[in-house]
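One-based numbering along the sequence shown.
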Amino acid sequence: MSIALFTLGGTIAMGGVGRDGPGVVTRLTGADLTAAVPGLADLTVPLDVRDALAVPSAHLTYRHLLDVVDAAARAVAAGATGVVVTQGTDTLEESAFLADLVWPHAAPLVVTGAMRNPTLAGADGPANLLAAARVAAAPAARDLGVLVTLNDEIHAARWVRKTHSTSTATFASPNVGPIGHVIEGEVRVLARPERREPLPPVDPARLDATRIALHTVTLDDDGGVLDGLADTSQGLVVAGFGVGHVPGALAPVLGVLAERIPVVLTSRSGAGSVLRHTYGAIGSETDLQRRGLLNGGLLDPYKAKVLLRLLLAGGADRAAIAAALARHG
């Protein structure tokens with residue numbers, strides 16, 4: 001029995017400055033990371049450290065992440081109690097949700113990172129890694145899917161968001177809060193969200209060929225930048241105002257697109273749900289659904305984009321996409 005640790009680079013793995021200018025660039029190996037964490041050696045389950053991919057999280061691709069999930073699944077099949085993945089925080093909320101959509105195991109997969117690199121006072125990487133390892137080893141964390149652990153908080157991947165560019169308390173779940181905490185080294189799970197059935201595997205070539213656009217609606221937006229989008233993208237996520245509204249001039253543009261490709265309506269607000277039938281004016285959620293847009297519910301735009309891409313790459317039709325949005329949103 002062990003905890004499989006997969007390292008993917010990011011701030012948590014930056015250890016020094018480069019020769020060509022300011023800024024931390026040197027990568028720490030998994031062995032370097034674990035050696036710098038007091039208390040790891042006291043865990044009842046040893047770590048099996050695997051250096052997977054040393055890149056900033058902005059460089060990660062769906063293919064990279066699905067490869068890591070496959071490797072993690074093999075580790076669990078070989079007897080690992082749980083899995084920890086370290087990566088940069090820039091895309092952590094998306095990669096954790098992607099993993100959660102396809103992770104079929106009871107064993108927890110815990111994603112963590114850091115906001116302060118090891119050259120700074122108060123670097124948070126060691127504490128986050130220790131907490132994540134404790135969560136991965138905890139029986140209470142089983143059957144919760146993919147979790148995100150930073151700042152001694154445990155978040156469900158489906159709800160967590162990065163809410164601040166620099167704060168060590170950046171990760172939050174605005175709609176529900178953390179589902180647990182690590183307190184004096186003890187993993188305390190306070191809520192157990194219902195797990196969803198994992199999505200079926202997708203063909204990597206089809207995934208690479210699937211393009212999903214994301215359009216954030218702004219004041220006086222007439223949709224001119226969306227011209228020709230249906231010729232280059234297989235789907236569109238719209239981050240609308242508030243509960244799912246857009247300017248009147250944009251509504252018919254989105255309706256025309258929805259006749260050709262799936263268009264998912266979400267909110268740019270950062271928390272809360274798109275509504276379904278409260279407002280009825282042109283550009284309202286009711287009007288947009290009448291024009292064929294699909295309701296994203298509580299999904300934020302970034303998670304809706306992840307879900308839509310996997311669904312389309314898996315060959316889902318409009319009905320299957322709507323059903324999946326209802327389950328996950």
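Between R50 and D48, at least one side-chain nitrogen of the basic residue sits less than 4.0 Å from a carboxylate oxygen of the acidic one, meeting the salt-bridge criterion. No salt bridge links D143 with R192; every basic N to acidic carboxylate O contact stays at or beyond 4.0 Å. We find that E93 and R161 are joined by a salt bridge, their nearest charged nitrogen and carboxylate oxygen being less than 4.0 Å apart.
Considering NE2 of H277 and CZ of R290, their distance stands at 13.0 Å, rounded to 0.5 Å. Remark: I321 CD1 to L307 CG distance equals 8.5 Å, nearest 0.5 Å. Here the OG1-CG distance, from T11 to N117, works out to 6.5 Å after rounding to the nearest 0.5 Å. Between atom CG of residue L65 and atom OG of residue S57 there is a gap of 9.5 Å, rounded to the nearest 0.5 Å. Between atom CG of residue L299 and atom CZ of residue F97 there is a gap of 5.5 Å, rounded to the nearest 0.5 Å. One distance of note links CZ of R134 with CG of L129; it measures 11.0 Å at 0.5 Å rounding.
Across G113 and L150, no two heavy atoms sit closer than the pair O-CD2, 3.6 Å. Nearest heavy atom pair, residue P108 against residue T81, reads CD-O, 3.8 Å. The shortest non-hydrogen separation linking V238 to V246 is CG1-CG1, 4.4 Å. When all heavy atoms of N175 and G272 are compared, the closest pair comes out as OD1-N, 2.8 Å. In terms of heavy atoms, P118 sits closest to L28 at CG-CD1, 4.0 Å. Counting all heavy atoms, side chain and backbone alike, V274 lies closest to S267 at CG2-N, 3.5 Å.
Each of V110 and F6 belongs to its own hydrophobic cluster when Ile, Leu, Val, Met, Phe, Trp and Tyr are linked at side-chain heavy-atom distances under 4.5 angstrom. There is a path of hydrophobic side-chain contacts, each under 4.5 Å, that joins Y62 to L109. The hydrophobic cluster containing V217 does not contain L275, counting ILVMFWY residues as joined when their side-chain heavy atoms lie under 4.5 angstrom apart, directly or transitively. By the rule that hydrophobic residues join a cluster once side-chain heavy atoms approach within less than 4.5 Å of another member, V102 and V85 end up as members of one cluster.
Here the side chain of K303 pairs a donor or acceptor atom with the backbone of V160 at under 3.5 angstrom. Put simply, the side chain of T7 never gets that close to the backbone of G9: no donor and acceptor are under 3.5 Å apart. When atom types are taken as modelled, the side chain of S173 and the backbone of P178 share no donor-acceptor pair closer than 3.5 angstrom. Side chain of D100 to backbone of A157: no donor-acceptor contact under 3.5 angstrom is found. Listed for the T170 side chain is a donor-acceptor partner under 3.5 Å among the backbone atoms of T163. T34 contributes a side-chain N or O that, together with a main-chain N or O of A31, makes up a donor-acceptor pair within less than 3.5 Å. For T89 (side chain) and L92 (main-chain N/O), no donor-acceptor pair under 3.5 Å exists by modelled atom type. N128 contributes a side-chain N or O that, together with a main-chain N or O of N151, makes up a donor-acceptor pair within less than 3.5 Å. Between the side chain of Q234 and the main chain of R211, a donor-acceptor pair closer than 3.5 Å is present. A donor-acceptor pair under 3.5 Å is absent between the side-chain atoms of S233 and the main chain of I212, judged by distance alone.
With contacts defined as side-chain heavy-atom distances shorter than 4.5 Å, the pair I12/L33 qualifies. Side chains of L311 and V202 form no contact here, defined as non-hydrogen atoms less than 4.5 Å apart. The side-chain heavy atoms of L47 and L40, taken from C-beta on, include a pair separated by under 4.5 Å. The shortest side-chain heavy-atom distance between L101 and V306 falls under the 4.5 Å cut-off.
Put simply, the residue from L144, V84, I154, V189 that forms a side-chain contact (heavy atoms from CB on, under 4.5 Å) with V135 is I154.
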Please lay out, stage by stage, how D300 and R268 fare under the test salt bridge (Lys or Arg N to Asp or Glu O under 4.0 Å). CA-CA 7 Å; D300 64 60; R268 71 177 200 175; over 6 Å; no
Pair E94, T91 - check side chain to side chain contact (heavy atoms under 4.5 Å, CB included), show working. CA-CA 5 Å; E94 292 162 88; T91 61; 4.2 Å; yes
Please walk me through it: do R260 and D231 pass salt bridge (Lys or Arg N to Asp or Glu O under 4.0 Å)? CA-CA 9 Å; R260 299 184 59 189; D231 297 322; 2.8 Å; yes
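At a cut-off of 3.5 Å, with distance as the only test, no side-chain donor of T29 or D51 sits close to an acceptor on the other residue. A donor atom on one side chain and an acceptor atom on the other are not found under 3.5 Å apart for E285 and N295. Residues S284 and T286 bring no donor and acceptor atom of their side chains to less than 3.5 Å of each other. With hydrogens and angles left out, the side-chain atoms of D287 and H245 include no donor and acceptor closer than 3.5 Å.
Sparse packing is recorded around OH of Y302, with 12 or fewer heavy atoms of other residues, nucleotides or ligands lying under 6.0 Å away. Around atom CZ of R196, more than 12 heavy atoms belonging to other residues, nucleotides or ligands sit under 6.0 Å away. Within a 6.0 Å radius of CD1 in I282, other residues, nucleotides and ligands contribute 12 heavy atoms or fewer.
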